[in-house]
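Positions are given from 1 along the sequence.
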Amino acid sequence: MTRITAPPPPSSPPGSPQPIRHSPAPATPPSRRRGRHSPSPSLALTPSSASTSSRTKLRPTPKRAYSPAQWVPLNSHPVFSRRDSGGGGAAAWDAAASRLYAWDPSACGAHRIGVRTRDPDAENGEVDVAVEAAVPSELLTPESDLGYTATHISLNADGSSLLLVGSHNLSVLYVHERVSEDGDIIIYRTAPVASQILPNDSDGIKVLQASWHPFSNNHFAVLTSDAVFRLFDLSSDLEQPEQEFYLQPILPGKCQNASAICPVAFSYGSDHLWDRFSVFILFSDGSIFVLCPVVPFGSDYSKKHIQEIYEDVNAFGLKSSNPNVVTNSHLAIAWLEATFPDLLHQSTDTSFLTSKAHAYAPVDDSLTLQGPLCRVCEESNESEGKNSSCEGKAVGFMYSSAGKDSVLVTAWGSGQLQIDALADEIQPQWNIGVPSRLNVDSHGQIKSVAMICDSNSQDPLALRSHRPSSTGSNVKSNIEAVWMGNSPPLLRLAIVDLALPKTPNDNSLSLFPDPLVPERFYCAHGGGLDMVTLHFLPFSYPEMSSTPPSVHPVLTTGNSETSSPFLSGFVTIADAYGHVQLVGITCLGECFVVEMKGWKEPTPLQLDIESKSTKDVEPPATGMISKELIAGPDPPILPSSSSLKSLTPDSIEGKSTLHHYIKVFHEYYVEYGHKVFIELKEHADYLKTEMEDKQKRLEAVKKSLISIEAKDGDINKRIDRAFKVYELLEKRIDSFKMLPAANKKPLSQAEQEFKAQLDRFADVELDALRSSIAALSARMKRFAQQSMGGAASTGVTPWQAPKAGRSHISESQMSLLKSSLEKLSLLNEENNLKLRLIDHELKNQEQ
């Protein structure tokens with residue numbers, strides 16, 4: 001392979017490296033074939049116009065004189081060589097411009113580093129470094145103080161906006177809008193996100209995850225601790241979300257565990273049928289829910305894929321004899337036609353390969369929170385029991401599309417990875433009769449949407465009766481089952497135990513997909529970095545059903561006792577040579593690069609039956625005399641004795657025969673003797689060396705024996721001392737047996753189960769309750785401030801109804817609010833009772 005060289009340009013900025021070739025994305029394989037509920041109160045959006053805050057006027061800056069860039073190994077870059085910084089920060093990768101963004105907590109800015117990859121196996125080169133960085137780099141700083149510590153950064157697809165994520169706050173840094181610059185320090189325009197929703201203090205709503213949408217450069221989603229999934233539009237309004245989904249995984253009054261209502265993370269679906277319109281949400285108890293369809297307004301999708309979904313619904317959904325199937329199909333077709341009007345205006349012009357999503361939401365319906373997705377076992381066709389469940393609480397989540405399969409990976413705080421695959425296709429679901437709240441402009445165009453997403457209580461019952469069908473059996477019933485409105489079940493692939501030590505706090509695990517191999521992903525934890533590869537996929541590789549996933553440690557920190565992660569930033573780079581470069585930034589600010597070139601799974605051991613056995617294989621030479629000399633010379637072939645007796649020594653024939661035998665004797669015996677002489681002469685040196693080696697070993701053994709004899713007395717003394725300690729311990733044990741607590745019986749099975757339940761409340765449920773209380777308090781403060789502001793503007797006290805005019809709150813909403821408060825008070829009493837039981841049990845254990 002020809003090496004791609006990149007000489008330093010004379011007048012290019014250091015942050016713009018030479019262009020490199022990138023490996024093409026893996027092609028999408030062919031597709032696989034894969035209720036109603038009582039209405040609940042919805043939250044109305046206050047009609048407000050899009051935020052048109054005045055942007056800071058950009059001041060013209062003088063042109064910079066760039067010096068030629070110097071290329072150094074990435075891990076030796078000056079940004080990571082300094083030890084005076086306040087530790088490492090997050091990282092983001094710009095694949096289009098080949099730039100690495102590394103957040104610097106001490107400078108409160110992001111270092112933009114130009115990166116190039118080189119081929120270390122080039123024959124005509126002397127470079128053994130795969131990833132190089134340009135020196136100097138640029139420091140991108142916000143125009144104003146953020147007021148919080150950024151723990152995660154994320155760059156959109158076109159590299160124009162950098163999302164700065166904190167534990168309770170969000171901001172967007174516009175990479176292409178400079179305010180001023182001073183040398184390598186450049187100040188860029190920065191805007192806060194949802195400052196009215198996310199308070200400034202650290203006691204309110206937490207930001208659990210924020211990431212850019214894969215099908216839009218202007219939209220990013222935020223999941224907060226108050227169980228709300230919000231989708232923001234960067235080009236419209238950063239204060240009010242474009243789409244807002246209030247998640248209710250459990251019906252009011254049916255909650256048994258507080259962890260069942262606390263979200264943890266989310267993941268977007270990939271480019272596969274309805275998965276591209278889906279959002280998978282993980283909750284603290286490990287349950288997985290799905291929102292479908294969720295589409296950013298104005299995003300672009302492949303027209304070919306949209307047409308494929310549209311034809312699938314028309315072909316299999318509308319022709320069913322089941323009324324539920326027909327109803328769900330009509331809703332899906334109406335949504336497709338309203339969101340993508342190009343489907344109704346099919347033209348012969350094929351120049352447009354993408355279709356833009358229009359703003360649409362049904363007025364009388366809202367999305368269903370599908371789930372929790374039940375897991376089924378392929379052999380027994382029954383739901384898996386609790387014996388295969390993981391311990392602790394869920395801490396990480398990842399979705400990956402590998403071949404024809406959709407794989408979901410859940411990371412648990414106990415150090416286990418739960419790997420599942422969708423056994424059927426994702427389909428859209430709506431709660432009919434639960435209206436959405438729309439915010440429209442003066443032209444009737446939808447600006448924002450808010451809806452309450454309730455789970456379908458009948459969905460798990462339908463999933464328990466699901467039976468994975470074999471290929472080709474009852475195809476019509478299988479197709480109708482797709483559009484029945486039931487969530488797809490999960491097929492358990494494996495549970496990978498990373499063997500992490502048990503700590504008082506749950507381990508922090510992070511999951512990262514591989515950019516080139518979809519069956520591979522990486523898991524970072526306190527003990528290091530592991531690579532996990534899947535060999536069995538039910539739809540892509542069904543023949544490998546007995547092959548478990550393989551786990552290879554990539555890095556080991558040596559400090560496996562800690563539960564805190566050792567990485568603050570991690571990116572995967574797919575270079576132009578078909579390799580994957582792993583770049584990580586530790587919490588101490590150090591950088592490491594791991595080249596995954598040629599990392600292949602070990603091939604199974606192949607045994608050849610026809611090959612020679614081990615007995616036929618000659619042992620290697622050991623320096624002894626060869627077997628040919630020990631066996632002796634080959635005897636010469638002598639003629640018959642009758643012919644020799646007839647010859648006389650004086651005759652010519654006799655002399656010739658005698659001369660011949662003298663020659664044969666010389667050839668077979670004299671030369672053999674010469675070889676033996678030379679071999680023995682050389683063997684003497686070998687024997688001398690062997691004797692010296694044996695003598696040295698003998699002397700070493702003698703010295704060891706002398707040292708052992710010298711230590712024998714000490715060992716006997718230690719043994720006597722150990723016996724005395726043992727006798728003393730026996731006496732102490734006998735004295736302990738006389739204590740009253742010695743007769744205490746072990747816990748019964750019921751008591752052990754109750755103790756395990758108490759431990760779960762102490763580890764998982766209390767944290768979930770605290771986060772829920774904090775989120776509710778923050779939301780109450782925000783609504784109280786809004787009501788106070790509305791009262792001040794209208795001249796009416798917040799607790800006084802207006803004397804004239806129509807009431808803003810209807811009687812039905814008031815009754816629903818009262819019932820919700822009553823249910824909340826009952827839930828609070830139950831939690832107080834549980835807390836008293838926990839305190840009582842802890843006091844008993846202390847006594």
Side-chain angles (χ1 to χ4, degrees), residues 22-34 95-96 156-158 212-219 221 231 267-280 290-320 328-361 399-407 421-422 424-429 475 478-479 482-483 488 513 515-519 537 539-540 574:
H22 294 275
S23 302
T28 304
S31 304
R32 65 177 187 270
R33 286 302 309 163
R34 295 250 202 224
N156 59 349
D158 60 358
W212 295 94
H213 200 280
F215 294 99
S216 176
N217 295 326
N218 297 325
H219 290 79
L231 196 63
S267 182
Y268 300 107
S270 185
D271 201 5
H272 175 79
L273 292 182
W274 286 95
D275 289 11
R276 59 175 57 86
F277 305 137
S278 303
V279 178
F280 298 85
V290 185
L291 280 178
C292 179
V294 177
V295 174
F297 298 160
S299 55
D300 295 326
Y301 290 87
S302 173
K303 184 179 295 185
K304 177 181 178 182
H305 295 159
I306 302 299
Q307 185 66 29
E308 177 186 3
I309 297 175
Y310 187 68
E311 293 176 355
D312 178 76
V313 180
N314 283 277
F316 302 108
L318 298 180
K319 299 179 182 179
S320 174
N328 292 327
S329 302
H330 277 296
L331 291 173
I333 291 174
W335 182 86
L336 286 172
E337 293 177 349
T339 306
F340 303 99
D342 300 341
L343 295 172
L344 300 177
H345 307 285
Q346 296 294 334
S347 61
T348 58
D349 187 9
T350 59
S351 59
F352 298 100
L353 301 179
T354 61
S355 180
K356 186 178 292 295
H358 289 63
Y360 171 74
Y399 169 93
S400 176
S401 179
K404 301 178 183 179
D405 293 89
S406 298
V407 181
L422 290 178
D424 258 330
E425 297 290 350
I426 292 289
Q427 300 296 338
Q429 292 186 25
V475 179
N478 293 337
I479 294 174
V482 172
W483 292 99
L516 296 182
V517 184
E519 298 87 357
L537 294 174
F539 295 94
S540 302

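A side-chain donor-acceptor contact under 3.5 Å links N156 to the backbone of N217. A donor-acceptor distance shorter than 3.5 angstrom exists from the side chain of H219 to the backbone of F297, with no hydrogens or angles considered. For S299 (side chain) and A357 (main-chain N/O), no donor-acceptor pair under 3.5 Å exists by modelled atom type. With hydrogens and angles ignored, the 3.5 Å screen pairs a side-chain donor or acceptor of S540 with a backbone N or O of K404.
For the atom pair S400 OG and E519 CD, the distance stands at 7.5 Å (nearest 0.5 Å). From L291, atom CG reaches atom CG of L231 across 11.0 Å, with rounding to the nearest 0.5 Å. Rounding to the nearest 0.5 Å gives a distance of 5.0 Å between NZ of K303 and CG of D342. The CD1 atom of I306 sits 12.0 Å away from atom CD of E311, with the distance rounded to the nearest 0.5 Å. Distance check: C292 SG to R276 CZ gives 10.5 Å after rounding to the nearest 0.5 Å.
Taking all atoms of both residues into account, the shortest heavy-atom contact from Y301 to H213 is OH-CE1, 3.6 Å. Taking each heavy atom of H272 and S401 in turn, the nearest pair found is CB-OG, 4.4 Å. Residues L422 and F539 approach most closely at O-CE1, 3.6 Å, considering heavy atoms.
Listed by chain and residue number, D300 satisfy the side chain to side chain donor-acceptor pair (under 3.5 Å) test with K356 (two or more places apart in sequence, or in another chain). With sequence neighbours left out, the side chain to side chain contact (heavy atoms under 4.5 Å, CB included) criterion links E337 to Y310, I333, L344. Judged as a ring pair (Phe, Tyr, Trp, His ring centres under 6.0 Å), and not counting sequence neighbours, the contacts of F280 are Y399.
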Worked check of side chain to side chain contact (heavy atoms under 4.5 Å, CB included) between E308 and L273: CA-CA 8 Å; E308 177 186 3; L273 292 182; 3.8 Å; yes
Intermediate values then yes/no, side chain to side chain contact (heavy atoms under 4.5 Å, CB included), H305 and D271: CA-CA 9 Å; H305 295 159; D271 201 5; 3.2 Å; yes
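Proximity of S329 to V313: side-chain heavy atoms (C-beta onward) are separated by under 4.5 Å at one or more points. Within the 4.5 Å cutoff, no side-chain heavy atoms of Q427 are placed close to those of N328. When side chains are defined from C-beta on, V295 counts as touching W335, because their heavy atoms get closer than 4.5 Å.
Aromatic ring pairs are classed by plane angle as parallel below 30°, tilted from 30° to 60° and perpendicular above 60°; the pair W274 and F277 is perpendicular.
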